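Quick caveat, the model's predicted, so the values are computed rather than measured.
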Number of protein chains: 4
Amino acid sequence: MDEHRTGPRRSEQARLAVLGAAAELLARTGYENLTIEAIARQAGVGKQTIYRWWPSRGAILAEALLEGLIFRQELAVGDTGDLRRDLTDWVERVHAVLATDQGRALFRALLAAAAENPELGELLRVQLGADGGVRARLAASGEAGPAAGVADEVADAIAGVIILRALSGQAPAAGSAAALIASLLPG
Amino acid sequence: MDEHRTGPRRSEQARLAVLGAAAELLARTGYENLTIEAIARQAGVGKQTIYRWWPSRGAILAEALLEGLIFRQELAVGDTGDLRRDLTDWVERVHAVLATDQGRALFRALLAAAAENPELGELLRVQLGADGGVRARLAASGEAGPAAGVADEVADAIAGVIILRALSGQAPAAGSAAALIASLLPG
Amino acid sequence: MDEHRTGPRRSEQARLAVLGAAAELLARTGYENLTIEAIARQAGVGKQTIYRWWPSRGAILAEALLEGLIFRQELAVGDTGDLRRDLTDWVERVHAVLATDQGRALFRALLAAAAENPELGELLRVQLGADGGVRARLAASGEAGPAAGVADEVADAIAGVIILRALSGQAPAAGSAAALIASLLPG
Amino acid sequence: MDEHRTGPRRSEQARLAVLGAAAELLARTGYENLTIEAIARQAGVGKQTIYRWWPSRGAILAEALLEGLIFRQELAVGDTGDLRRDLTDWVERVHAVLATDQGRALFRALLAAAAENPELGELLRVQLGADGGVRARLAASGEAGPAAGVADEVADAIAGVIILRALSGQAPAAGSAAALIASLLPG
DNA sequence: ACGTAAACGAGACGGTACGTCCGGTCTTTCA
DNA sequence: TGAAAGACCGGACGTACCGTCTCGTTTACGT
């Protein structure tokens with residue numbers, strides 16, 4: 001029982017133009033100024049093409065995030081064999097992003113989007129924890145890691161602190177990354 | 001150098017009507033549908049009265065938060081003398097709020113507002129950490145508490161986890177509050 | 001020099017489906033809501049099939065009119081030998097059509113189409129004057145008819161009055177058909 | 001029992017700007033290209049201002065017609081004392097308008113509007129018959145005029161012929177004005 | 001008490017964006 | 001290669017709010 005259909009297929013070019021435009025405008029103007037019309041204009045696409053394929057602004061951003069068009073390498077955890085050091089490095093790298101106006105604005109915009117879109121919220125949590133590798137490293141860390149059963153709590157705590165700092169706009173103190181990791185992974 | 005002026009002073013009644021309307025509409029319709037016109041309508045107030053006294057939606061919500069019109073008692077930490085127990089209780093209480101549709105929606109709406117309004121973000125952090133008493137209790141806890149110098153990290157981690165869970169819509173597992181506190185306050 | 005060509009020829013079925021759909025929709029929804037997409041949908045035809053064969057909505061309606069799918073027998077003049085009586089009968093019959101909501105709406109829709117489409121305008125005039133037989137009867141009427149050289153004026157006047165009444169929505173007074181003919185064909 | 005209301009009154013400036021823009025655009029682009037957005041743009045007015053005060057495009061045009069912004073002096077009947085001559089002159093003047101591309105296009109646009117808007121249709125009939133003075137002159141003409149009781153028929157016939165000619169795009173033959181009047185006002 | 005002036009409710013204004021609909025073109029598959 | 005299907009870009013629809021700007025009314029001083 002094939003699905004035989006006639007007519008043109010979805011345009012991959014239009015799809016990517018929309019995602020790219022959304023990512024760029026999000027960084028440039030923030031979430032509340034991210035309008036469908038501006039995305040369409042910037043992407044050179046009709047509005048209907050957006051409404052045909054995405055149910056909401058949040059869904060566009062979720063897809064852009066998954067395509068790696070928003071924050072990609074910034075979120076990968078390195079692996080030197082030393083868990084504490086890797087996580088501290090990672091947190092410091094994220095803090096560095098949040099220290100720039102661009103980076104902080106983009107992160108906050110993403111938060112605003114997530115706060116109004118449950119699926120994007122969950123995706124953001126996953127990307128901030130698991131996909132970057134934090135969760136995996138924690139789970140695999142054995143002796144050196146957190147007590148059994150609390151790996152998820154720790155991963156959430158790290159992601160949570162980062163979100164909170166982005167929200168409150170607080171410049172993290174020097175050494176705060178190390179202090180955070182020390183609190184969470186004592187020993 | 002007095003300021004001598006004539007005419008009526010600011011109407012406290014109008015002020016409270018606006019704050020109350022904003023708090024109610026936020027809970028009912030979420031942040032992105034929280035319009036100035038709806039607030040004015042609901043409050044029985046002219047739009048100009050709002051624009052005269054508040055610079056943004058975020059400022060209205062910040063004031064409503066400070067007036068205790070949004071989440072008040074939910075956020076106070078008890079004091080039985082046992083720090084771990086008090087914090088676990090508090091986290092569980094907050095989780096209970098997030099488990100209701102109303103509560104989660106309101107919390108997310110507040111997050112959306114905070115993500116688009118730096119001052120409100122900082123205020124939210126303070127209310128979630130310090131004013132509720134978490135930070136104070138941590139700082140005062142001495143031996144039983146976290147290592148010196150990391151009280152702020154721990155307070156941020158607790159608040160952060162809560163925010164993350166609200167964002168991702170994850171129902172926290174039973175016992176997750178205890179696990180979280182255990183991770184952060186080992187011993 | 002035959003035209004040898006391969007592939008399917010124009011589908012008569014599609015053509016008639018389009019004309020029928022256009023006629024029905026015109027009566028049902030009026031001219032300004034008569035969209036190409038609705039015609040295609042109603043006819044079970046692709047949009048391109050319409051654009052391939054007709055240059056405009058007006059052209060579709062013109063063809064439908066010529067096929068007799070819009071007002072046919074309503075417009076034929078009878079022949080009892082008495083010109084004045086035949087014309088009066090005819091005008092009264094047209095008035096009766098205009099007295100119904102359906103009939104008036106359809107006539108007005110046709111007028112709207114004609115006003116935006118010169119060819120359809122001319123066609124409407126011809127159908128309302130000549131094809132129905134008015135013009136022919138007038139020209140052939142000899143003594144009893146209008147003064148030589150003004151037959152066209154009289155035919156135009158009769159058609160014009162009918163159009164004007166459709167436009168203004170005026171219910172014609174009883175006896176107005178007779179009065180009109182009396183004015184135009186004195187004696 | 002005054003009507004006491006507070007707040008700003010309707011802006012006469014905006015009202016006239018809208019009517020003027022509508023009249024100009026009607027002449028320039030025809031009725032089906034006369035969009036609310038274009039009127040608003042041309043008038044320097046918000047769309048909502050138009051939707052607040054007028055229920056339809058037709059209503060705007062009706063008001064513009066009443067304000068004399070579309071065809072004013074073209075439609076006045078002169079008075080030399082000789083009814084036949086005055087009417088012939090008038091019909092010839094209208095024919096002259098219809099002979100220009102501009103004039104014919106504007107007239108047709110008006111017809112299109114009237115065909116989709118009953119009130120405008122009636123207004124057009126009144127303006128074309130009575131307000132221009134045709135009906136009044138006919139009624140007052142006594143002996144020289146049409147038989148008693150058919151003045152309205154004659155006025156409608158004159159207006160109808162003019163409409164029909166505009167619709168069909170027929171260039172009226174030289175002398176056709178005289179022929180028309182002769183048919184209608186014999187003697 | 002009386003003027004003056006500010007704050008109030010109401011709401012019109014020029015705008016921007018919404019989400020939907022349609023115009024006309026182009027692309028794909030089938031018959 | 002005509003036809004059905006339908007995606008595409010463009011752009012108008014009518015609505016909702018934005019933030020600013022009158023209006024007329026209602027206080028609450030200062031004289």
Peer 1: Taking the nucleotide of DNA chain F with the nearest heavy atom to each, does Arg41(D) or Gly44(A) sit closer to the 5' end?
Peer 2: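 It is Gly44(A) whose nearest nucleotide is closer to the 5' end.
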
Peer 1: Given atom CD1 of Ile36(A) and atom C1' of dT20(E), what is their separation to the nearest angstrom?
Peer 2: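 Rounded to the whole Å, the gap is 13 Å.
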
Peer 1: List the atom of Ala64(D), the atom of Leu19(D), and the distance in Å for their closest heavy-atom pair.
Peer 2: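 Nearest pair, atom of Ala64(D) first, then Leu19(D): N-CD2, 3.9 Å.
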
Peer 1: Using whole Å, report how far CD of Glu12(D) lies from P of dC13(E).
Peer 2: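 Value for this atom pair: 11 Å.
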
Peer 1: What is the separation between atom CG on Asn33(D) and atom P on dG10(F), rounded to the nearest whole Å?
Peer 2: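 Result: 19 Å.
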
Peer 1: Just how far, in rounded Å, is C1' of dA3(F) from OH of Tyr51(C)?
Peer 2: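 It is 16 Å, rounded to the nearest whole Å.
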
Peer 1: Separation of Arg15(A) atom CZ from dC9(F) atom P, in whole Å?
Peer 2: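 In whole Å, dC9(F) P and Arg15(A) CZ are 14 Å from each other.
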
Peer 1: Check this one for me: any side-chain N or O of Trp53(C) less than 4.0 Å away from OP1 or OP2 of dA3(F)?
Peer 2: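 Checking dA3(F) against Trp53(C), a side-chain N or O does come within under 4.0 Å of OP1 or OP2.
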
Peer 1: Can you name the closest pair of heavy atoms from Asn117(B) and Gly58(B) and give their distance?
Peer 2: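 Closest heavy-atom pair between Asn117(B) and Gly58(B): ND2-CA, 3.5 Å.
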
Peer 1: Of Ala43(B) and Thr35(A), whose closest DNA chain E nucleotide lies nearer the 5' terminus?
Peer 2: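 So the residue in question is Ala43(B).
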
Peer 1: Regarding Arg10(C) and the six-membered ring of Trp53(C), is the cationic atom NZ or CZ under 6.0 Å from the ring centre and inside 45° of its axis?
Peer 2: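 The answer is yes, since Arg10(C) meets both limits relative to Trp53(C).
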
Peer 1: Are OP1 or OP2 of dG14(F) and a side-chain N or O of Trp54(D) less than 4.0 angstrom apart?
Peer 2: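 No, Trp54(D) has no side-chain N/O under 4.0 Å of OP1/OP2 on dG14(F).
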
Peer 1: Taking the side chain as every heavy atom from C-beta outward, state whether Leu65(A) and Leu110(A) have any atom pair closer than 4.5 Å.
Peer 2: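 Yes; the side chains approach each other to less than 4.5 Å.
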
Peer 1: What is the distance from CG of Leu34(D) to C1' of dC13(F), rounded to the nearest Å?
Peer 2: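 Checked: the CG to C1' distance equals 14 Å.
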
Peer 1: Nearest nucleotide by nearest heavy atom, which residue falls closer to the 5' end of DNA chain F, Ala40(A) or Glu37(A)?
Peer 2: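 Looking at the nearest nucleotide for each, Ala40(A) comes out on the 5' side.
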
Peer 1: By the 4.0 Å heavy-atom rule, please label Arg52(A) as base, sugar-phosphate, or nothing.
Peer 2: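 Base, at least one base atom sits under 4.0 Å.
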
Peer 1: Can you find a side chain N or O atom of Arg9(B) that sits less than 4.0 Å from OP1 or OP2 on dA6(E)?
Peer 2: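 Indeed not, no polar side-chain atom of Arg9(B) lies that close.
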
Peer 1: Output the rounded distance in Å from CD1 (Ile50(C)) to C1' (dG2(F)).
Peer 2: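 That distance rounds to 15 Å.
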
Peer 1: Strictly below 4.0 Å: does Thr49(C) bring a side-chain N or O up to OP1 or OP2 of dA4(F)?
Peer 2: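 Yes, Thr49(C) has a side-chain N/O under 4.0 Å of OP1/OP2 on dA4(F).
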
Peer 1: Quick one: Gln13(A) CD to dA7(F) C1', roughly how many Å, whole number?
Peer 2: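 Atom-to-atom, Gln13(A) to dA7(F), this comes out as 13 Å.
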
Peer 1: Both Gln48(B) and Ala14(D) contact DNA chain E. Which one's nearest nucleotide lies toward the 5' end?
Peer 2: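 Its nearest nucleotide being more 5', the pick is Gln48(B).
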
Peer 1: Would you say the base of dG19(F) and the side-chain of Lys47(B) have a donor-acceptor pair closer than 3.5 Å?
Peer 2: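 Counting by modelled atom types and ignoring angles, a donor-acceptor contact under 3.5 Å is found here.
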
Peer 1: Mind checking whether Leu167(B) and Leu111(A) have side chains closer than 4.5 Å, heavy atoms only?
Peer 2: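 In contact.
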
Peer 1: Can you find a side chain N or O atom of Arg5(A) that sits less than 4.0 Å from OP1 or OP2 on dG6(F)?
Peer 2: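 Checking dG6(F) against Arg5(A), no side-chain N or O comes under 4.0 Å of OP1 or OP2.
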
